[in-house]
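As the structure lists them, so they are numbered: ligands from 1, and atoms in each ligand from 1. Just so it is clear, the values below take in all heavy atoms, side chains as well, and ignore hydrogens, waters and symmetry mates.
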Amino acid sequence: MKILVINAGSSSLKYQLIDMDNEQVIAKGLCERIGIEGSKLTHKVNGESYVTEVPMTNHTEAFNAVKEALTSGEGKVVDDLSEISALGHRVVQGGSLFKDSCLVTDEVIEGIRELSPLAPLHNPAHIQGIEAAIDVFGKDVPQVVVFDTSFHSTMPAKAYTFGVPYEYYEKYGVRRYGFHGTSHRYVTGRCLELLGKAENPEGTRIINCHLGNGSSISAVKDGKVIDTSMGLTPLDGFIMGTRSGSLDPSVVTFIMEKEGLSASEMDAILNKKSGMLGLSGVSSDDRDVTAAAREGNERAILTHEILEYQIAKFIGSYYVALGGMDALVFTAGIGENQTVHRSKICRYLECLGVELDEEVNATIHGKEAEISTPESRVRVYVIPTDEEMVIARDTKDIVENMGKEEAPAAAEEEAPAEA
Ligand code: ADP
C-alpha cells in the first residue's frame with residue numbers, strides 16, 4: 001500500500017510517498033512559495049533532487065505539480081495516481097475535539113475549522129491542503145488527519161490547566177495542548193521497544209526531549225503523556241530557535257507598554273525574534289550559535305548555558321511528576337546531533353542517577369544509540385524521529401479498518417476533570 005503524507009502550510013506543501021509494505025520512502029518533496037511569485041517544487045527520489053519552477057497560485061495547483069512530479073519526468077515513481085491508496089495529513093491543532101487520528105469527513109473538516117482560532121497560521125492551511133487533495137485525487141481516495149496534539153490528550157487537568165480565571169478555559173479552550181505529538185509518540189514507541197516494554201508499558205517512565213527549531217519535552221508514564229512543555233501554542237516551554245519559551249508573563253505586558261507594541265507585534269517578537277536568535281544575536285540555527293560560541297562569543301555561550309539549564313530543569317520537574325525516570329530520549333535536529341548539549345544536560349542530571357558514556361555520546365550523530373553507561377540508573381537514548389511514518393501508519397490502519405467499524409469521528413468535548 002502506497003501512502004502520500006502531506007504537511008500543508010499557508011505557502012508550502014511538504015510530501016512523502018511511503019510504501020507501507022516495507023515502510024520505505026519512495027519519494028519526497030516540497031512546494032514553496034504557493035500563492036507568491038517564484039514558486040518552485042523540489043522533488044527527491046533516491047537522493048536525486050529535481051527542481052521545477054512552476055506557478056502555483058493555490059494548493060490545488062501545488063497538488064497538480066506534485067502529481068506531475070510523481071507520475072512523469074525523471075523523478076517518476078508511479079504510473080498513475082490510482083497507485084496511491086490514501087493520503088495522511090498532518091494537522092497541528094486538534095484541541096480537545098480530536099483525541100485520535102481519523103478519516104476526513106465534512107464534519108472533521110468543520111471541526112478543524114472551528115479550532116482555527118487556536119492555530120490561526122496552521123489549521124486554515126491544513127484545510128486548504130485537504131480540500132486541494134480532494135480536488136486532485138477525487139473524493140473516493142481516503143484521507144486521514146493526524147493531529148500534533150493527540151498524543152498529549154491523556155494529560156490530566158492539573159497538568160493542562162493554567163492559573164488564569166477558569167472562565168477562559170470554559171469560554172475559549174485556553175489550556176495546555178502540547179505539540180510535536182507525532183514525534184513524541186514515535187520515539188516513545190521505539191523507546192518502549194528498546195526497554196523491552198512495547199507489549200506492556202505499564203510502570204514505565206520516559207522523558208522525551210524533542211530539540212529542533214521548535215522544541216518540546218514530554219513526560220510519559222505507562223506509555224501515555226502526563227505532561228508536556230508546549231502549551232496553548234508552541235510558544236511555551238524553554239528557549240527554541242526563535243521562540244522565547246516560558247517567562248514571567250509580566251515581561252510581555254511590560255515590554256508592550258514600554259515599546260508601545262500591539263498584541264500581534266509582541267506575538268511576533270516572542271515567536272520569531274526571541275530564543276536562541278534573540279539572545280545570541282547570531283542566528284536561530286544552533287550550528288551557527290555553536291560556531292560563534294567556539295570563537296568565544298559571550299552571548300552565544302550564554303545562550304547555550306540557558307538552553308541546557310532550562311532543559312535540565314524541565315527534566316528535573318518531570319522526574320518528580322513521573323516519580324522517577326527509566327529512560328531519557330533525545331531526538332530531532334539538535335537532540336540527534338548536538339553531542340555537547342546532551343553531555344551538559346546529562347551532567348545536571350547526575351543527581352538523578354544519569355550517567356552518560358561520554359565517549360559513545362561524542363560519536364552519535366543522527367542515528368539510534370544508547371549513550372548511557374551500563375551502570376546508569378537511567379537509560380539514555382538517541383532516537384531519530386520520524387513523524388511522517390507515524391502519519392503513514394495511522395493512515396494505513398484507519399484505511400484498512402474502513403468498513404469494518406464506524407470511522408472514528410470527532411470525540412465529544414469532555415468536561416474538564418477536577419485538578
Ligand atoms: P525542525 O524543528 O524545523 O524540524 P530540526 O529538527 O531539523 O528542525 O532541527 C533544527 C536544529 O537542529 C537547528 O538548530 C540545527 O542547527 C540543528 N541541527 C540539525 N542538523 C544538525 C547537525 N547535523 N548537527 C548539528 N546541529 C544540527
Side-chain angles (χ1 to χ4, degrees), residues 5-16 25 28-30 32 42 44 90-92 119 121-122 125 146 148 178-187 190 208-218 228-230 233-245 271-295 297 299-301 303-308 310-311 329-345 361-369 371 382-391:
V5 175
I6 299 294
N7 183 355
S10 57
S11 67
S12 69
L13 192 149
K14 281 192 209 151
Y15 61 93
Q16 252 187 43
V25 176
K28 59 181 168 182
L30 169 67
E32 290 169 275
T42 307
K44 291 186 183 168
R90 174 201 180 207
V91 176
V92 164
L121 298 180
H122 291 103
V146 178
D148 272 20
F179 298 88
H180 292 142
T182 47
S183 174
H184 288 285
R185 192 169 134 206
Y186 180 86
V187 297
R190 188 65 199 126
N208 297 311
C209 301
H210 175 112
L211 312 177
N213 273 322
S215 300
S216 63
I217 301 185
S218 63
T228 191
S229 59
M230 283 180 166
T233 71
L235 185 55
D236 200 8
F238 47 97
I239 59 163
M240 312 178 204
T242 60
R243 296 189 190 119
S244 64
N271 273 292
K272 302 206 169 101
K273 298 197 171 147
S274 298
M276 295 210 273
L277 172 67
L279 284 168
S280 69
V282 173
S283 167
S284 63
D285 192 298
D286 196 42
R287 284 168 285 204
D288 301 334
V289 181
T290 300
R294 284 204 186 113
E295 285 167 11
N297 180 318
R299 269 170 54 192
I301 293 169
T303 302
H304 278 168
E305 286 174 354
I306 296 169
L307 178 73
E308 291 149 2
Q310 291 190 342
I311 292 171
V329 177
F330 288 102
T331 193
I334 294 173
E336 291 167 27
N337 294 292
Q338 289 285 35
T339 60
V340 177
H341 294 329
R342 293 196 302 244
S343 167
K344 293 207 174 146
I345 293 163
N361 177 51
T363 63
I364 303 302
H365 302 271
K367 64 175 182 195
E368 185 177 292
I371 55 171
V382 175
I383 302 178
T385 195
D386 194 344
E387 290 158 282
E388 287 78 12
M389 194 56 72
V390 172
I391 297 173

Trainee: Can you see which heavy atom on Ala293 is nearest to which on Ala300, and at what distance?
Mentor: N-CB, 3.7 Å
Trainee: Nearest non-hydrogen atom to atom 25 (C) of ligand 1 belongs to which of His180, Glu387, Met240, Arg287?
Mentor: Arg287
Trainee: Number the atoms of ligand 1 from 1 as they appear, then name those within less than 4.0 Å of a heavy atom of Asp286, with their elements.
Mentor: 13 (C), 14 (O), 16 (O)
Trainee: Just to be sure I read this right, does ligand 1 sit under 4.0 Å from the backbone of His365, its side chain, both, or neither, counting only heavy atoms?
Mentor: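 Contact part for His365 vs ligand 1: neither.
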Trainee: Among all protein non-hydrogen atoms, which one is nearest to atom 11 (C) of ligand 1, and what is the separation to 0.1 Å?
Mentor: Ile334 CG1, 3.8 Å
Trainee: Should the pair Glu387-Arg90 be classified as a salt bridge under the 4.0 Å nitrogen-to-oxygen rule?
Mentor: no
Trainee: Look at atom 24 (N) of ligand 1 and say which protein heavy atom is nearest, naming residue and atom and giving the distance to 0.1 Å.
Mentor: Asn337 CB, 3.3 Å
Trainee: Tell me: protein heavy atom nearest atom 15 (C) of ligand 1, and distance?
Mentor: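 Nearest protein contact, heavy atoms only, for atom 15 (C) of ligand 1 is Asp285 OD1, 3.4 Å.
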Trainee: Flag Met276 as yes when one of its N or O atoms lies below 3.5 Å from any N or O atom of ligand 1, and as no otherwise.
Mentor: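 In fact, backbone or side chain, Met276 has no N or O that close.
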Trainee: Would you mind checking which non-hydrogen protein atom is closest to atom 3 (O) of ligand 1, with the distance to 0.1 Å?
Mentor: Asn213 ND2, 2.9 Å
Trainee: Between Asn361 and Thr339, does any side-chain donor sit less than 3.5 Å from a side-chain acceptor?
Mentor: no
Trainee: Side chain of Ser215, backbone of Gly212: donor and acceptor closer than 3.5 Å?
Mentor: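 Yes, because the side chain of Ser215 sits within donor-acceptor range (under 3.5 Å) of the backbone of Gly212.
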Trainee: So, taking the atom named CZ in Phe330 and the one named CD1 in Ile383, what distance separates them when rounded to the nearest 0.5 Å?
Mentor: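 It is 11.5 Å, given to the nearest 0.5 Å.
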Trainee: In sequence, state the C-alpha distance, the side-chain angles, and the governing distance for Ser280 and Thr303, and then conclude on side chain to side chain donor-acceptor pair (under 3.5 Å).
Mentor: CA-CA 6 Å; Ser280 69; Thr303 302; 4.6 Å; no
Trainee: N/O of Gly333 under 3.5 Å from N/O of ligand 1, yes or no?
Mentor: yes
Trainee: In a check of side chain to side chain contact (heavy atoms under 4.5 Å, CB included) between Lys14 and each of Val5, Leu30, Thr42, which one passes?
Mentor: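 Testing Lys14 for a side chain to side chain contact (heavy atoms under 4.5 Å, CB included) against Val5, Leu30, Thr42 leaves exactly one candidate, Leu30.
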Trainee: Say whether Gly241 and ligand 1 are in contact under the criterion: heavy-atom distance to a ligand atom below 4.0 Å.
Mentor: no
Trainee: How are the rings of His341 and His304 set relative to one another: parallel (under 30°), tilted (30 to 60°) or perpendicular (over 60°)?
Mentor: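 His341 vs His304 ring planes: perpendicular.
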Trainee: Going by the order shown, which atoms of ligand 1 are within less than 4.0 Å of some heavy atom of Gly214?
Mentor: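 Those of ligand 1 that fall under 4.0 Å from Gly214 are 2 (O).
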